[in-house]
Amino acid sequence: MTEVINGDIPCTECGARLEARNNKKAVFGKECLPLASRLILYGLCGLFAEVMFTATWYFVDSAKYRHCWKLHGCTSVWSFPIYSLSSFAVERMFLFLDGRVPLLVRGLIYVVWTYMWEFVTGLVLRQFNACPWDYRGYTHFNIMGLITFDYAPLWFIGSLLLETVVIQSALQLQYTTEGINKKED
């Protein structure tokens with residue numbers, strides 16, 4: 001039997017607390033999505049966000065990139081595990097910091113994490129000549145071409161959207177087979 005505290009049920013998979021609404025049986029004892037499913041979701045959301053960002057960037061700076069109305073967006077397959085694991089780390093931070101640290105401060109913490117993760121993963125990938133980004137000669141405020149501080153406001157907004165839209169939604173999703181084969185009255 002799952003212990004209920006203040007109407008919340010802890011998810012045994014991730015430790016998140018799911019709100020029990022109207023004491024419905026479907027909520028009690030259920031688990032959030034398994035880790036593998038959340039990692040896939042986070043990776044796909046990261047890929048989508050990057051393709052949309054690059055398409056928008058190329059459109060705005062179409063004189064340089066000559067993509068105009070094609071809305072050409074691109075990314076690397078390496079982005080999937082990078083975004084997946086980074087988003088999982090932000091999920092863990094969110095579960096620890098929620099209720100303890102204000103949203104805007106959490107956003108700053110997420111930006112620091114993002115820069116550290118981007119730097120480390122870029123450095124590792126560069127050792128194999130596989131790093132898909134290089135900010136040298138592209139922006140003024142970069143470190144070794146691996147991170148650029150020009151994107152700080154975008155990382156801040158993106159990380160808050162990650163927490164408030166993607167992570168909070170992912171933690172509420174559940175697998176269930178109840179009612180699939182039952183006819184409604």
Side-chain angles (χ1 to χ4, degrees), residues 8 10-11 13-18 32-61 73-173:
D8 289 346
C11 172
E13 171 73 22
C14 66
R17 302 197 74 73
L18 306 173
C32 60
L33 289 180
L35 175 60
S37 298
R38 293 194 321 271
L39 289 173
I40 291 168
L41 176 67
Y42 296 154
L44 290 174
C45 287
L47 284 175
F48 174 76
E50 185 161 318
V51 168
M52 295 302 291
F53 173 77
T54 57
T56 304
W57 189 266
Y58 293 159
F59 176 74
V60 169
D61 200 3
C74 62
T75 189
S76 166
V77 174
W78 286 115
S79 296
F80 183 85
I82 290 170
Y83 282 117
S84 182
L85 295 172
S86 180
S87 297
F88 177 68
V90 172
E91 172 193 294
R92 305 317 300 172
M93 286 184 259
F94 163 69
L95 291 172
F96 179 77
L97 298 173
D98 187 37
R100 296 181 177 137
V101 177
L103 179 66
L104 297 179
V105 176
R106 289 196 310 266
L108 292 174
I109 293 168
Y110 300 154
V111 169
V112 170
W113 161 254
T114 300
Y115 278 123
M116 290 182 346
W117 182 247
E118 184 179 26
F119 184 82
V120 168
T121 56
L123 195 60
V124 169
L125 289 172
R126 190 176 277 174
Q127 302 308 309
F128 302 98
N129 197 27
C131 186
W133 65 89
D134 188 350
Y135 300 116
R136 290 180 290 201
Y138 176 70
T139 63
H140 297 292
F141 306 106
N142 71 78
I143 297 177
M144 296 173 54
L146 296 172
I147 59 174
T148 177
F149 296 109
D150 297 3
Y151 289 167
L154 299 172
W155 283 126
F156 182 78
I157 293 167
S159 66
L160 292 181
L161 286 172
L162 173 67
E163 177 196 305
T164 59
V165 176
V166 179
I167 291 173
Q168 289 185 29
S169 296
L171 293 176
Q172 293 178 27
L173 292 174

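Side-chain contact between Phe96 and Met93 is absent, with no heavy-atom pair separated by less than 4.5 Å. By the 4.5 Å heavy-atom criterion applied to side chains, Arg38 and Leu35 are counted as neighbours. At least one side-chain heavy atom of Leu104 sits less than 4.5 Å from a side-chain heavy atom of Leu160. Between Leu41 and Cys45, the closest side-chain pair of non-hydrogen atoms falls below 4.5 Å. Side-chain contact check for Val112 versus Leu108: every heavy-atom pair is 4.5 Å or farther apart.
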For Glu91 and Phe88, run side-chain contact (heavy atoms from CB on, under 4.5 Å): C-alpha distance rounded to whole Å, both residues' side-chain angles, the deciding distance at 0.1 Å, then the answer.
-> CA-CA 5 Å; Glu91 172 193 294; Phe88 177 68; 3.6 Å; yes
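With values rounded to the nearest 0.5 angstrom, Thr114 atom OG1 is found 12.0 Å from Leu154 atom CG. Summarising the geometry, atom CZ belonging to Arg136 is positioned 13.0 Å from atom CD1 belonging to Ile143; distances are rounded to the nearest 0.5 Å. Here OH of Tyr135 is found 4.0 Å from CD of Glu118. Values are rounded to the nearest 0.5 Å. Here CH2 of Trp155 is found 13.0 Å from CZ of Phe149. Values are rounded to the nearest 0.5 Å. From Leu97, atom CG reaches atom CG of Leu103 across 11.0 Å, with rounding to the nearest 0.5 Å. How far CH2 of Trp117 is from CG of Leu85: 5.0 Å, rounded to the nearest 0.5 Å.
Proximity of a side-chain donor or acceptor of Glu163 to a complementary backbone N or O of Ser159 within less than 3.5 Å is not detected. Side-chain atoms of Arg106 come within 3.5 Å of backbone atoms of Val101 as a donor-acceptor pair (strictly under, hydrogens ignored). Put simply, the side chain of Ser84 gets close to the backbone of Leu39: a donor and an acceptor are under 3.5 Å apart. A distance-only check finds no donor-acceptor pair linking the side chain of Arg126 to the backbone of Cys131 [under 3.5 Å].
The shortest heavy-atom contact between Ala152 and Tyr115 is N-OH, 3.0 Å. Phe94 and Ile167 get closest at one heavy-atom pair: CD2-CG2, 4.0 Å. The two atoms that bring Thr54 and Cys74 nearest to each other are OG1-N, 2.8 Å, heavy atoms only. Of all heavy-atom pairs between Pro153 and Asp150, the closest is CD-O, 3.7 Å. Between Leu47 and Tyr83, the shortest heavy-atom contact is N-CD1, 4.1 Å. Scanning all heavy atoms of the two residues, the minimum distance from Trp133 to Gly145 falls at CD1-O, 3.9 Å.
A 6.0 Å sphere centred on CH2 of Trp78 holds no more than 12 heavy atoms belonging to other residues, nucleotides or ligands.
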